[in-house]
Amino acid sequence: MEKLKELSLRLGFTYVESLPPVEDSAPLVRKVPIGFAKKNELAPVASVDGTVTVLTAKPLNHHALADLRALLGQPVEIRVAAPELVAEFINRAYEITAGTAEDMLGEVGGENDLESIAHQLEGSADILDTDEEAPIVRLLNSLLQQAIKEKASDVHIEVFADSLAARLRVDGILYTVLKPPRRIHAQLISRVKIMAGLDIAEKRLPQDGRISIKAAGREIDVRVSVIPTTFGERVVMRLLDKSRNLLRLDQLGMDHEMFDHIKQGIELPNGIILVTGPTGSGKTTTLYAALSQVNTVQKNVLTVEDPVEYQIRGIGQMQVNPLIGLHFADGLRSMLRQDPDIIMVGEIRDQETARIAVQASLTGHLVLSTLHTNDSAGAITRLVDIGIEPFLIASSLVGILAQRLVRILCPACKTPMTLEAEEIRRLGSDAARAGLGTRAWRATGCPVCMQSGYRGRSGIYEYLRITDSIRSLIVKGADSKEIRQAAVSGGMHTLRRDGIRRIIAGETTLDEVLRVTEETDGV
């Protein structure tokens with residue numbers, strides 16, 4: 001970098017060491033293809049008095065600068081910066097100016113244009129050779145770009161008798177963002193299949209695939225599921241940002257007391273800690289945060305997952321593969337021969353996996369796993385139903401964490417409100433226990449949050465510690481309701497009570513807490 005700085009100063013160019021603002025570059029970068037900008041490591045920054053300021057890492061690339069002048073139709077003034085800074089500017093500038101999928105519909109055009117596209121995309125050979133500038137290609141790319149920009153977790157392409165819809169799942173809620181013409185359905189699905197490496201000729205059976213894409217310099221892993229329906233094939237694409245930093249345990253939104261209890265549990269040398277909740281409630285994120293907390297060079301940490309969502313440095317991660325007979329139980333059994341200290345099992349689904357996990361915990365291993373139950377006490381009943389004896393459950397369990405994700409109020413548009421007595425009563429006895437008053441906040445909606453009133457999600461939790469009194473109830477065969485009542489009497493905060501804590505803090509709304517805790521009534 002010092003050589004580049006010295007060269008630029010010798011040539012009389014200004015050397016830039018901090019990222020320039022990207023907002024003023026929008027009308028300029030639209031004239032410059034992103035491929036050209038990245039290849040030549042240059043980008044227009046702003047136009048002042050008819051001259052365009054250009055940021056570049058290659059000030060002597062005269063041909064590229066001449067081409068840029070032609071593209072912009074204006075003289076340029078050079079600013080030199082390190083390649084990393086130029087790349088970051090390009091990524092941010094083009095991400096801001098990326099058009100929405102709705103904008104692309106105009107380019108797909110009318111009936112004649114669509115018939116032309118259909119002809120181009122008919123058959124596997126033609127699809128493979130499709131020009132990357134074809135409207136269908138750009139429409140799908142724009143839809144994915146919009147999904148990444150909105151931090152969507154899933155993209156749905158849904159077909160019906162006379163319509164086609166694209167929806168994004170943002171903060172757990174589906175929003176329709178696009179209604180393309182029904183007639184482009186086949187071409188759109190074919191393009192997805194080509195990108196995912198699927199068989200475009202097979203339209204009768206479900207297919208699964210994967211796409212790796214780059215967006216604004218970020219690696220995005222897209223898991224693709226295609227299923228046949230009455231009106232044609234339907235696609236769901238799950239987006240995983242591989243460049244996203246995993247959260248630490250203290251960043252999950254737990255209160256200090258609960259964090260301390262969980263931290264004590266995962267630092268024990270043996271036992272089982274379970275995380276429960278429905279699909280999409282953040283269980284995997286919590287498990288990864290717990291593993292990162294205990295992952296040290298003194299410990300051998302292994303996981304068996306379906307699938308491995310994020311790689312964690314220093315941890316051995318195995319992905320199950322039912323097609324070759326590698327299930328959770330098989331992976332867990334093999335891992336016990338690898339001298340582990342801590343094992344994470346993606347999910348306990350059957351008696352065999354549960355039994356091996358219990359035996360592993362009783363022979364000196366700490367086991368972390370998940371179960372699909374509504375609350376923490378329900379996990380005990382679930383293990384009994386699977387076929388694990390109550391005395392083994394009592395001996396091996398350390399704690400059970402139940403969780404949900406609540407949407408967080410958009411800071412740009414949330415407005416204060418006064419809760420009515422009837423609204424407070426809807427929360428049950430937990431409202432009084434948590435000290436909820438009448439002051440709260442309302443989700444209003446603005447362009448920043450897609451008019452939803454919320455931006456982002458965070459967890460609410462209840463942690464059931466397996467104390468001696470709880471162990472006695474488990475051995476006696478007590479039902480989940482009795483165990484739950486005993487835990488609350490012993491100081492456990494329910495999911496709803498933890499949600500009320502977030503209402504009091506002005507982070508979420510009463511309606512949102514009720515929405516995610518309606519199946520777990522307060523005790």
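- Side-chain contact check for Ile400 versus Leu371: every heavy-atom pair is 4.5 Å or farther apart.
- The backbone N or O of Arg167 sits nowhere less than 3.5 Å from a side-chain atom of His156 that would complete a donor-acceptor pair.
- A donor-acceptor pair under 3.5 Å links the side-chain atoms of Glu512 to the main chain of Arg407, judged by distance alone.
- Separation of atoms OH (Tyr288) and CD (Gln311) is listed at 8.0 Å; rounding is to 0.5 Å.
- Across all their heavy atoms, Arg223 and Val308 have their closest contact at NH2-O, 3.3 Å.
- Arg382 pairs with exactly one of Thr276, Asn374, Thr373, Ile348 by the side chain to side chain contact (heavy atoms under 4.5 Å, CB included) rule, that one being Thr373.
- At most 12 heavy atoms of other shown residues, nucleotides or ligands fall within 6.0 angstrom of atom CZ in Arg465.
- Thr286 and Gln403 are linked by a side-chain donor-acceptor pair at a separation below 3.5 angstrom, with hydrogens and angles left out of the test.
- Contact detail for Thr494 and Glu462: the closest heavy-atom pair is CA-OE1, 3.3 Å.
- Partners of Ser292 by side chain to side chain contact (heavy atoms under 4.5 Å, CB included), not counting sequence neighbours, listed by chain and number: Ile312.
- Side chains of Ile380 and Leu464 form a contact here, defined as non-hydrogen atoms less than 4.5 Å apart.
- Each side chain to side chain donor-acceptor pair (under 3.5 Å) pair with one or both residues in residues 253-265, not counting sequence neighbours, appears once here: Lys263-Glu267.
- Side-chain contact check for Tyr310 and Thr284: no donor-acceptor pair (N or O, by modelled atom type) lies under 3.5 Å.
- Looking at Gln251, its side chain does come within 3.5 Å of a backbone N or O of Arg248 through a donor-acceptor pair.
- The backbone N or O of Glu305 sits nowhere less than 3.5 Å from a side-chain atom of Gln317 that would complete a donor-acceptor pair.
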